[in-house]
Structure formats: C-alpha cells, structure tokens
A.B. asks: 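Below you will find the structure I want to go over with you.
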Number of protein chains: 2
Amino acid sequence: MANQPITSYSTAPEVDALVNDLIGRVADKWTLLVLEQLEEGGEQRFGALARAVPGISQKMLTQTLRAMERDGLVIRTVHPVIPPHVDYRLTTLGHSLGEAFCGVWHWAEANLAAVQRSRSAFDARD
Amino acid sequence: MANQPITSYSTAPEVDALVNDLIGRVADKWTLLVLEQLEEGGEQRFGALARAVPGISQKMLTQTLRAMERDGLVIRTVHPVIPPHVDYRLTTLGHSLGEAFCGVWHWAEANLAAVQRSRSAFDARD
DNA sequence: CCGTATCCGCCTTGATACTG
DNA sequence: CAGTATCAAGGCGGATACGG
C-alpha cells in the first residue's frame, strides 16, 4: 500500500469517520442529559428518569435509552411484576463516557460567560 | 431565597440549561470537524476548509464558521483583494475547546471496538 | 473566491392513543 | 408502569443560482 500521504495522522481515515459517527451518537442532547441524571442519581426507574430530565418526551426517552443500551452504556433490568418495573444503570463504559465529558462540561461552565460576551459583541456589529 | 433543595448541586438549574445549550451548539458534527481541521492545519482559507472537511457543503461550512465566530471560537480575517481571500484561525477559546474535546475523542477511539461489539451482541438478541 | 438566497425533500421530534 | 404505533409539523441540510 506504499506510503501514506503526508497529511494523514495516527489513525486511518475510515476509523476517523467511525469515531466521528460515534461522537455524534453519544454527544446527543438527550443522551447527555440522561447520562448526567444516571451519574448523579444512580440506578433509576423509567418514570423517575422521565420526571428528572426536563422536557424529554416518553418517545425520546425510550429511544435514547435503547440506543445507550445498544452501545453498551446502560444496563436495562426488567423486574417481571405487575405493574412493570424497569431499572436503568450505567455500565463501566457509560461511566467512563461521563468522565470523558467532564472536560467539555467544565469548559462550558468555565467559558459560558465569555461565549455570551462574544455573542453580544457579534450581534452588536453594524 | 432560603435554602436550596438538597437535590441541587453546585450550579443553578438555569445555568445548567444554558450550559447544556452551549454544549449542544458546540458538539455539532460540523463544528467538531472544522475545529479538528483548524487545530491540525492552523490558519486556513475558506476553500481549503471546504476541501479538507469531507462531505461538507458550502452552506453548512459558512453557517458553521459564522456560529463559531459568533461564539468566539474562530477569528475571520478578510483580505480586501480581488478575488476575495478570507482566512480563519482558532482563538484561545477555540483551542481550549479542542483540548476539552480531546477527552471525548480519546474515549471514542479507545472504546470504539467495545461499542461495536456491544452493538453486534444487541442486534443478535432474540 | 467567498458568500447569500431560494427552494425542497427528509428526518427528527412531539402529541396522542393504545397494549401488555 | 413501560413501551409501541401512528400522524402531523418543523427544522436541518443539500442543490442550485446568483451577487460582490
């Protein structure tokens, strides 16, 4: 396969695309909120999550939890009782993702004011 | 304003919402790719970015760069010549965001295989 | 070369109603 | 209580054409 072009770096282009897709999935608004809620509240029921995450619809919660389960971020535990009782908790992988996002979270907290100032200045042009 | 409820944490709920919005803005697919490209390529022209970011349309590139400029992540420099010549480079703030995202980037790289395995296992259920 | 404007299809999301 | 199904609506993103 000869030499790689000099513009390439450590990882292969296709892997880069996969990594980007993964980030896109995982950086979703609802996923972030659910992740946060599971981090601070520990194992919780579907209804508890629905109440805790502001503005999420049942559909989006189900969809988000399914995707997270499929990606190995959460464990879904069904207790076969009536009425149904389903618990969700983070996996080790899910936890590690939460930690990885801490950096972004801190950045956003630390620089929110700066961004707001920048926006005001920009909007006041002309 | 008396005591805060015991379930609250360091930041106020409204700030939390603002922080979430900010993350939503900044975690956008195209923003991430443009940020990456500016990190590794330094100051570049509009056309160079258009060529470097795979699959982006002119419209999305313009839109993304405007939003980043407004948020104080990039500096736009117009050289008043014919034909026009416009350069973009990261601000300190933009650079710091790139560093904050490194954690997520590394997580995605390190755990891509694990996620793919989880997905395969999930899809093979039943 | 850089950017704006317009149109249009599609995908995501929310609301609602219903089942186990 | 937890989840699915259906439908309508809105926004996002792409293609194209044009302006400075």
A.B. asks: Below 4.5 Å, heavy atoms only, C-beta onward: do A/Val115 and B/Leu93 meet side chain to side chain?
C.D. replies: yes
A.B. asks: So among A/Leu65, A/Val34, A/Leu35, A/Leu97, which one has a side-chain contact (heavy atoms from CB on, under 4.5 Å) with A/Leu73?
C.D. replies: A/Leu97
A.B. asks: Pairs in or reaching into residues 40-84 of chain B: which pass ring-ring contact (aromatic ring centres under 6.0 Å, His included), with residues at least two apart or in two chains?
C.D. replies: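 As it turns out, the ring-ring contact (aromatic ring centres under 6.0 Å, His included) pairs with a partner in residues 40-84 of chain B, which skip direct neighbours, are B/His79-B/His85.
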A.B. asks: Answer yes or no: is there a donor N or O on one side and an acceptor on the other, between the side chain of A/Arg125 and the main chain of A/Phe122, under 3.5 Å?
C.D. replies: yes
A.B. asks: So which protein N/O to nucleotides 13-18 of chain C N/O distances come out below 3.5 Å?
C.D. replies:
unit_1	atom_1	unit_2	atom_2	d
C/dG14	N7	A/Lys59	NZ	3.3
C/dG14	O6	A/Lys59	NZ	2.4

A.B. asks: Using only atom types and a distance under 3.5 Å, with no angle test, would you say the side chain of B/Ser120 pairs donor to acceptor with the backbone of B/Gln116?
C.D. replies: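 Yes, because the side chain of B/Ser120 sits within donor-acceptor range (under 3.5 Å) of the backbone of B/Gln116.
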A.B. asks: In residues 74-87 of chain B, which ones come under 4.0 Å of DNA chain C, going by heavy atoms?
C.D. replies: B/Arg76, B/Pro83, B/Pro84, B/Val86
A.B. asks: So do the side chains of B/Leu38 and B/Gln44 get within less than 4.5 Å of each other, counting heavy atoms only?
C.D. replies: yes
A.B. asks: Does A/Ile23 have any side-chain contact (heavy atoms from CB on, under 4.5 Å) partners at least two apart in sequence or in another chain, and if so, which?
C.D. replies: A/Val19, A/Ala27, B/Leu32, B/Val104, B/Trp105, B/Ala108
A.B. asks: If hydrophobic clusters are built from ILVMFWY residues whose side chains come within less than 4.5 Å, do B/Val53 and A/Val15 share one?
C.D. replies: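 Yes, it is one cluster - the side chains of B/Val53 and A/Val15 are joined through contacts under 4.5 Å.
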A.B. asks: Can you tell me how far the OG atom of A/Ser96 sits from the NE2 atom of B/His106, to the nearest 0.5 Å?
C.D. replies: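 So the gap between those two atoms works out to 14.0 Å.
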A.B. asks: For A/Arg89, give me all partners under side-chain contact (heavy atoms from CB on, under 4.5 Å), at least two apart in sequence or on another chain.
C.D. replies: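 Result, side-chain contact (heavy atoms from CB on, under 4.5 Å) vs A/Arg89: A/Glu43, A/Ile75.
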A.B. asks: How would you list, by chain and number, every residue that makes a side-chain contact (heavy atoms from CB on, under 4.5 Å) with A/Thr31, sequence neighbours excluded?
C.D. replies: A/Asp28, A/Thr64, A/Met68
A.B. asks: Residues of residues 46-54 of chain B with any non-hydrogen atom less than 4.0 angstrom from an atom of DNA chain D: list those, numerically ordered, please.
C.D. replies: none
A.B. asks: Identify, with sequence neighbours excluded, every residue that meets side-chain contact (heavy atoms from CB on, under 4.5 Å) alongside A/Val86.
C.D. replies: A/Arg76, A/Val78, A/Tyr88
A.B. asks: Is A/Thr62 reaching over with its side chain to a backbone N or O of A/Gln58, donor-acceptor style, under 3.5 angstrom?
C.D. replies: yes
A.B. asks: Please enumerate all residues that pass salt bridge (charged side-chain N to carboxylate O under 4.0 Å, His left out) together with A/Arg70, with sequence neighbours excluded.
C.D. replies: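 For A/Arg70, the residues satisfying salt bridge (charged side-chain N to carboxylate O under 4.0 Å, His left out) (neighbours in sequence not counted) are B/Asp123.
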A.B. asks: State, to the nearest 10°, the angle formed by the axis through the first five base pairs of the helix from C/dC1-D/dG20 to C/dG20-D/dC1 and the axis through its last five.
C.D. replies: 40°
A.B. asks: Using a 4.0 Å cut-off to any heavy atom of chain A, which nucleotides of DNA chain D are the first and last in contact, reading 5' to 3'?
C.D. replies: D/dC1 to D/dT6
A.B. asks: Taking salt bridge (charged side-chain N to carboxylate O under 4.0 Å, His left out) as the definition, give me every residue that meets it alongside A/Arg66, ordered by chain and number, with sequence neighbours left out.
C.D. replies: none
A.B. asks: Please determine whether a side-chain nitrogen or oxygen atom of B/Arg45 lies at a distance below 4.0 Å from atom OP1 or OP2 of C/dC2.
C.D. replies: yes
